[in-house]
Amino acid sequence: MIKVMSVFGTRPEAIKMCPLVKRLEQDPEVKSIVCLTGQHREMLWQVIDIFGIRVRYNLDIMQPGQTLTTITTSILEKMEQILKKERPDIVLVHGDTTTSFAAALAAFYQQIPVGHVEAGLRTFDRYSPFPEEMNRCLTGRIAGLHFAPTENNKKNLENENITTGVYVTGNTVIDAFATTVRDDYEYKDEDLKKIDLTQKRLILMTAHRRENLGEPLEQICRAVKRIVVDFPDVAVIYPVHMNPAVRETAERILGGTDRIHLIKPLDVEDMHNLMARSYFVMTDSGGLQEEAPACGVPVLVLRTETERPEAAEAGTVKVVGVEEDSIYDHARRLLTDHTAYEQMAKAVNPYGDGHAGERIAGILREWWKES
């Protein structure tokens with residue numbers, strides 16, 4: 001059997017890794033071990049519970065005032081003993097978090113191969129998003145197996161002279177919908193239960209990225225407020241990140257506005273089902289750029305660039321920047337131009353068919369047999 005250790009520590013990672021872990025747990029040729037770093041805590045365990053994943057190790061590194069340095073050093077120190085004890089045949093990490101880079105580095109120090117799930121995403125700006133762009137670049141240099149969601153991601157790796165061990169698999173987040181989205185779903189969040197989601201065109205909004213804090217987030221919020229004021233048939237739901245800087249701006253500009261609902265962060269089931277029932281999504285999140293198109297929901301990206309150009313090329317998302325007028329104008333067009341809306345809603349999602357985990361499991365088995 002191949003012993004596979006999957007390491008992740010944030011809610012977005014868990015959403016994308018849990019479908020793969022479930023697939024590995026079902027494979028008789030795989031011994032699956034899950035190690036959480038605990039870079040996130042409550043939000044992370046919500047996802048684990050929904051997918052029913054068995055966790056062997058939890059580093060529980062989260063602490064008040066944690067920094068990129070403390071996250072990295074804590075993971076390196078704690079992973080060392082676990083890797084020495086378990087000696088997995090391969091360590092899987094995901095995407096671009098500090099957990100992913102630190103876990104990959106810890107595995108490298110023990111000369112254990114690394115597989116990088118969601119490999120090859122690039123903005124080509126080392127400071128945007130920060131620190132994610134450099135995390136994924138460094139993880140890509142360490143990894144020996146690269147599971148790229150799209151052909152474009154594969155080409156990015158080839159341009160960096162990473163040409164062996166690269167596989168196009170689709171994105172595992174699409175696999176998650178088989179578990180999370182249901183026609184008869186009933187929301188668990190008490191705030192959502194109080195909101196009538198049937199009478200208005202619903203915009204789901206998220207905004208929390210580090211580079212958007214301050215003036216960019218203020219402009220985003222002002223644009224959203226204008227949209228709601230000008231379109232009485234529109235309601236906005238904004239699950240506000242726990243970061244105090246995000247909450248202060250959101251509450252100061254959007255708080256108390258009719259038809260704008262500022263609620264606490266949602267678990268993955270509530271979020272996916274809310275997204276599937278939304279008219280469109282406004283977000284600076286990477287994951288929602290992949291998830292919403294799977295439900296036929298257009299996405300306006302509240303950033304100046306994206307590491308997911310396939311979605312923009314396919315027409316499922318549009319990068320609208322962080323300036324108030326640009327955000328407002330693009331949202332207004334989706335609300336008034338039915339043809340423009342339909343073009344985005346009916347564009348083909350470039351991130352796969354929901355079988356990425358199955359492909360990755362098969363690649364791991366073949367890699368092990370050939371090793």
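Since the structure is predicted, the reported quantities are computational estimates derived from the model, not experimental observations.
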Would a distance-only check, ignoring hydrogens and angles, find a side-chain to backbone donor-acceptor pair under 3.5 Å from [X] to [Y]?
| X | Y | answer |
| --- | --- | --- |
| Ser100 | His94 | yes |
| Lys78 | Leu59 | yes |
| Thr249 | Glu218 | no |
| Thr70 | Gln66 | no |
| Gln289 | Ser285 | yes |
| Arg333 | Asp329 | no |
| Arg54 | Val34 | no |
| Asn212 | Leu302 | yes |
| Lys22 | Phe51 | yes |
| Arg259 | Phe231 | yes |

task = Identify whether Phe130 and Ile71 are in the same connected component of the hydrophobic contact network (ILVMFWY, side-chain heavy atoms under 4.5 Å).
result =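 No: no chain of side-chain contacts under 4.5 Å links Phe130 to Ile71.
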ask   = Applying the 4.5 Å side-chain criterion to the ILVMFWY set and letting contacts propagate, would Leu364 and Val30 be lumped into a single cluster?
value = yes
One thing to verify: whether [Y] and [X] come together as a salt bridge, which I'm taking to mean a side-chain N less than 4.0 angstrom from a carboxylate O.
| X | Y | result |
| --- | --- | --- |
| Lys188 | Asp267 | yes |
| Arg359 | Asp353 | yes |
| Glu186 | Lys193 | no |
| Arg303 | Asp284 | no |

inquiry  = Asn171: which residues meet the side-chain contact (heavy atoms from CB on, under 4.5 Å) condition with it, sequence neighbours left out?
reply    = Lys16, Glu118, Pro149, Val173, Glu290, Tyr351
message = Under the rule for side-chain hydrogen bond (donor to acceptor under 3.5 Å, both in side chains), what residues qualify as partners of Arg56, not counting sequence neighbours?
response = Glu86
For [X] and [Y], which I'm curious about, is there any donor-acceptor pair between the side chains at under 3.5 Å?
| X | Y | result |
| --- | --- | --- |
| Thr97 | Glu13 | yes |
| Thr123 | Glu133 | yes |
| Thr72 | Thr98 | no |

note = For residues 161-210, the ring-ring contact (aromatic ring centres under 6.0 Å, His included) pairs (sequence neighbours left out) are Phe177-His272, Tyr185-Tyr187, His208-His241
query = Is any side-chain heavy atom of Val240 less than 4.5 Å from a side-chain heavy atom of Glu251?
reply =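 They are not in side-chain contact.
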ask   = Can the ring centres of Tyr341 and Tyr279 be said to be less than 6.0 Å apart?
value = yes
